[in-house]
Amino acid sequence: MSLERAVRAKIAGKRNPEMDKEAQEWVESIIGEKFPAGQAYEDVLKDGQVLCKLINILSPNAVPKVNSSGGQFKFMENINNFQKALKEYGVPDIDVFQTVDLYEKKDIANVTNTIFALGRATYKHANFKGPFLGPKPADECKRDFTDEQLKAGQTIVGLQAGSNKGATQAGQNLGAGRKILLGK
């Protein structure tokens, strides 16, 4: 098997059809229209128009100009504008897919993960009432300890460190004992 085929098989193995379906249903519920019947999930998203419509609903006028014609470069521009708007909306840069992942269908699983990251980012926007996608991110729980409390904690040995009270090797007998022969 060639290296390219092995890489494609590995990427295809990461793809989860249930996550794709869940992401598709979420996008459909936000934009208020179903994907065209008989078209694959990635084919509907490929030109970037649906994605731009999605981000414009979540964050009005995030992508002011959506290209509906003009060929491959205009559609790739849609995807790039969507990615830029995602970062401004609060999706971490590491969660945003590359343009070729979608346009050339190199890694659709990564595109789905980005949609899930967008779904998680919606929790951080109080004006968005739902539906939400994915688990709610944890909020920061900052704690302030006094110097006295911090010093008291340094004297305690946590149980994670383990305890060896009374541990000895008495009674252990592994194999035959060592025989030392004198005088030879």
Peer 1: Measuring only between side-chain heavy atoms, which start at C-beta, is D20 closer than 4.5 Å to Q24?
Peer 2: no
Peer 1: Hey, is CD on E42 packed in by over 12 heavy atoms from elsewhere, all under 6.0 Å?
Peer 2: yes
Peer 1: Tell me whether K124 at atom NZ has more than 12 heavy atoms from other residues, nucleotides or ligands lying less than 6.0 Å away.
Peer 2: yes
Peer 1: Before you tell me yes or no, could you show the steps for L58 and L54 under side-chain contact (heavy atoms from CB on, under 4.5 Å), namely the whole-Å CA-CA distance, both residues' side-chain angles and the distance that decides it to 0.1 Å?
Peer 2: CA-CA 6 Å; L58 296 175; L54 171 67; 4.3 Å; yes
Peer 1: Treat each ILVMFWY residue as a node, draw an edge where side-chain heavy atoms are under 4.5 Å apart, and state whether I108 and V100 are in one component.
Peer 2: no
Peer 1: Should Y41 and V27 count as side-chain neighbours, where that means a heavy-atom distance under 4.5 Å?
Peer 2: no
Peer 1: Does CD in Q149 sit with more than 12 non-hydrogen atoms of other residues, nucleotides or ligands closer than 6.0 Å?
Peer 2: yes
Peer 1: Applying side-chain contact (heavy atoms from CB on, under 4.5 Å) to L51 and Q83, what does each step give before you reach the verdict?
Peer 2: CA-CA 9 Å; L51 296 174; Q83 292 167 330; over 6 Å; no
Peer 1: Among L118, I115, T122, I55, find the one that has a side chain to side chain contact (heavy atoms under 4.5 Å, CB included) with V91.
Peer 2: L118
Peer 1: Using the test ring-ring contact (aromatic ring centres under 6.0 Å, His included), find all partners of Y123 that sit at least two apart in sequence or belong to another chain.
Peer 2: F132
Peer 1: Quick test of your reading: applying ring-ring contact (aromatic ring centres under 6.0 Å, His included), list the pairs with at least one residue in residues 57-100, sequence neighbours left out, ordered by first then second residue.
Peer 2: Y89-H125
Peer 1: Does the pair E25/K21 count as a salt bridge with the N-to-O cut at 4.0 Å?
Peer 2: yes
Peer 1: Side-chain contact, heavy-atom cut-off 4.5 Å: S68 with Q49?
Peer 2: yes
Peer 1: Is it true that a side-chain atom of E28 and a backbone atom of F35 form a donor plus acceptor pair closer than 3.5 Å?
Peer 2: yes
Peer 1: Keeping D101 on the side-chain end and Q98 on the backbone end, is there a donor-acceptor pair under 3.5 Å?
Peer 2: yes
Peer 1: With heavy-atom distances below 4.5 Å as the criterion, would you say the side chains of L102 and T114 are in contact?
Peer 2: no
Peer 1: side-chain contact (heavy atoms from CB on, under 4.5 Å) between E33 and K53: does it pass, once the steps are laid out?
Peer 2: CA-CA 11 Å; E33 55 190 64; K53 186 184 286 189; 3.2 Å; yes
Peer 1: Among N80, N56, N78, which residue satisfies the side chain to side chain contact (heavy atoms under 4.5 Å, CB included) criterion with V63?
Peer 2: N56
Peer 1: Measure the spacing between SG of C52 and CD1 of I31 and express it to the nearest 0.5 Å.
Peer 2: 11.5 Å
Peer 1: Once you round to the nearest 0.5 Å, how far does CD of E104 lie from OG1 of T99?
Peer 2: 9.5 Å
Peer 1: Is the shortest side-chain heavy-atom distance between D95 and N113 below 4.5 Å?
Peer 2: no
Peer 1: If we count only N and O atoms by modelled type, under 3.5 Å, do the side chains of N16 and T112 hold a donor and an acceptor together?
Peer 2: no
